[in-house]
Number of protein chains: 2
Amino acid sequence: MSPRTEEQYEEIRHEKRVLIMNTALELFAMHGYENTTISQIAKKAGISKGLLYNYFESKEYLLEAILNKGMDEVLEIFDPNKDGVLETYEMEFFINEIFKTVEKNRVFWRLYMAISLQPSVFKLVEKRIEELYEPMMQLMLGYFKNAGSANPFMDAIIFNSLLDGITLDYILKPDIFPIEDIKKELIHRFCIHKKTVS
Amino acid sequence: MSPRTEEQYEEIRHEKRVLIMNTALELFAMHGYENTTISQIAKKAGISKGLLYNYFESKEYLLEAILNKGMDEVLEIFDPNKDGVLETYEMEFFINEIFKTVEKNRVFWRLYMAISLQPSVFKLVEKRIEELYEPMMQLMLGYFKNAGSANPFMDAIIFNSLLDGITLDYILKPDIFPIEDIKKELIHRFCIHKKTVS
DNA sequence: TATCTTTGACCAAACGTTCAATCAAAAGTA
DNA sequence: TACTTTTGATTGAACGTTTGGTCAAAGATA
């Protein structure tokens, strides 16, 4: 009946979808969303312009799909069944996980930050950001409370800003930013000197 | 001969230039550079499209002028005749100055960060960034050395990232980010506990 | 009148998007 | 094996819209 089995079609579609999304992510992150044309994406992916529209309804839906996929991957950090309290050794694991994600998804973070800074497109990530920010802050609050901080709320916000700043600087200058050393330093400051943070 | 004196023309031109630049800055920062049209800028500024091109050669030159002016204002922080060493009380003054600049030029910082994240336009600010980064790092290095830090280089980088992160978070959520409290906390941590930073 | 500012209709280029036509491969047929 | 049918993936010229940029003409003032 059918020239190909449903599984075969499924695989073709999936592969092309991923190809388009990865290609677009790289271009969006490097040249900006508005500054990247559909033609550029199609050319770099080695397909036609029309095929892209067979997989994604519009340029904006393509961006949305990329952002959602990236956020899903990032949110996996919070996956393990936590009880809400971070012990010192867990904090070390957590910092490691964050840095691993930042280094692995460098290109995605660049796009994500650029989008965040553009209110007119910001709505596309707004809700997902809450998903990320909420558990992050809860975890940090719990940790600093547990560590005997005088002002856990302030400590959590500052730690969060520090991570944001490190991510930003690393994204902007990945070749010269000493991210490995910084990670060790953070672990040293926040995990070894238990209960004496400040 | 001439309908107006040279001074009169000078003032007209200067006022219009400033008007256009301020209007464009706001739109660029809010909707992004690529996403803002010349027509929008002209309309919001209450002038015609043609007049804008009487003052700025192109959209990109307009952006460049805005960025340069903003950077000039920011660089004024480093203006006072420093000897290169920051004493503790000077550090407090310095932090205050930085926060003042960030709060005053919030819109500019938003544009500046968005541009920095976009390599294809990044060349417009690349050189000015060095002008900002270089003295900043020197100042911080000197301070942490003077404060008896075990690793002044690492401390300087981390402090710099922290400031970047605070700026970013404040820009993204100016209404709920407790920037005043954070400023006080930073001063408390880095200025009062002299020589015991870590 | 002379001179500079200001206008907005106009233009070519570039963009996102569409769609009728083509292609490639598996299944059926003999 | 050789040929036909069938299906969904794939193509790219064409379309309408929007954009940055131009320019001849009008406005304003001493």
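Proteins get letters first, then strands, A, B, ... in listed order; numbering begins at 1 in each.
- In this structure, the CD1 atom of B:Ile47 is 21 Å from the P atom of D:dA26, given to the nearest Å.
- Here the C1' atom of nucleotide C:dG8 and the NZ atom of B:Lys43 are 14 Å apart, to the nearest Å.
- When each of B:Leu51, B:Leu62, B:Ile41, B:Ile38 is checked for a side chain to side chain contact (heavy atoms under 4.5 Å, CB included) with B:Phe56, only B:Leu62 meets the rule.
- Note on A:Lys49: a base of the nucleic acid sits closer than 4.0 angstrom, heavy atoms only.
- If you check every strand for non-hydrogen atoms under 4.0 Å, A:Phe56 touches nothing.
- Atom CG in B:Asn35 sits about 12 Å away from atom P in C:dG16, given to the nearest Å.
- Of the two residues contacting DNA chain C, namely A:Ile38 and A:Gly50, the nearest-nucleotide position lying further toward the 5' end is that of A:Ile38.
- When heavy atoms are screened at a 4.0 angstrom cut-off, B:Ser39 is found touching no nucleic acid atom at all.
- The CD-P distance, from B:Glu34 to C:dG16, rounds to 11 Å in whole Å.
- Of the side-chain N and O atoms in A:Arg13, one or more sit less than 4.0 angstrom from OP1 or OP2 of D:dA9.
- The phosphate of D:dT10 (OP1 or OP2) has a side-chain N or O of A:Tyr55 nearer than 4.0 angstrom.
- Using cut-offs of 30° and 60° for the angle between ring planes, the B:Phe190 and B:Phe144 rings count as perpendicular.
- Taking only side-chain atoms of B:Ser58, from C-beta outward, the nucleotide of D:dT10, D:dG21, C:dC15 with the closest atom is D:dG21.
- For A:Lys59, no side-chain nitrogen or oxygen approaches OP1 or OP2 of C:dC15 to under 4.0 Å.
- Nearest-nucleotide positions on DNA chain D place A:Lys16 closer to the 5' end than the other of A:Lys16 and B:Tyr33.
- In this structure, B:Tyr53 places its OH atom 18 Å from C1' of D:dA24, rounding to the nearest Å.
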Going through the distances and angles, do A:Asp155 and A:Arg189 end up as a salt bridge (Lys or Arg N to Asp or Glu O under 4.0 Å)? CA-CA 13 Å; A:Asp155 276 335; A:Arg189 284 192 194 185; over 6 Å; no
Applying salt bridge (Lys or Arg N to Asp or Glu O under 4.0 Å), run through B:Glu130 and A:Lys173 and close with a yes or a no. CA-CA 12 Å; B:Glu130 288 305 315; A:Lys173 303 196 169 188; 3.2 Å; yes
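- With B:Lys59 contributing its side chain and B:Thr36 its backbone, the two residues share a donor-acceptor pair below 3.5 Å.
- Rounded to whole Å, the distance from CG on B:Leu19 to P on C:dT5 is 16 Å.
- Whole-Å rounding puts the A:Glu15 CD to D:dG8 P distance at 19 Å.
- Residue-level contact check: B:Leu51 touches the bases, meaning some heavy atom is under 4.0 Å from a base atom.
- Closest to the side chain of B:Ser48, from the set D:dA9, C:dT6, D:dG21, is C:dT6.
- In this structure, CG of A:Asn54 is placed 11 Å from P of D:dG8, rounded to the nearest angstrom.
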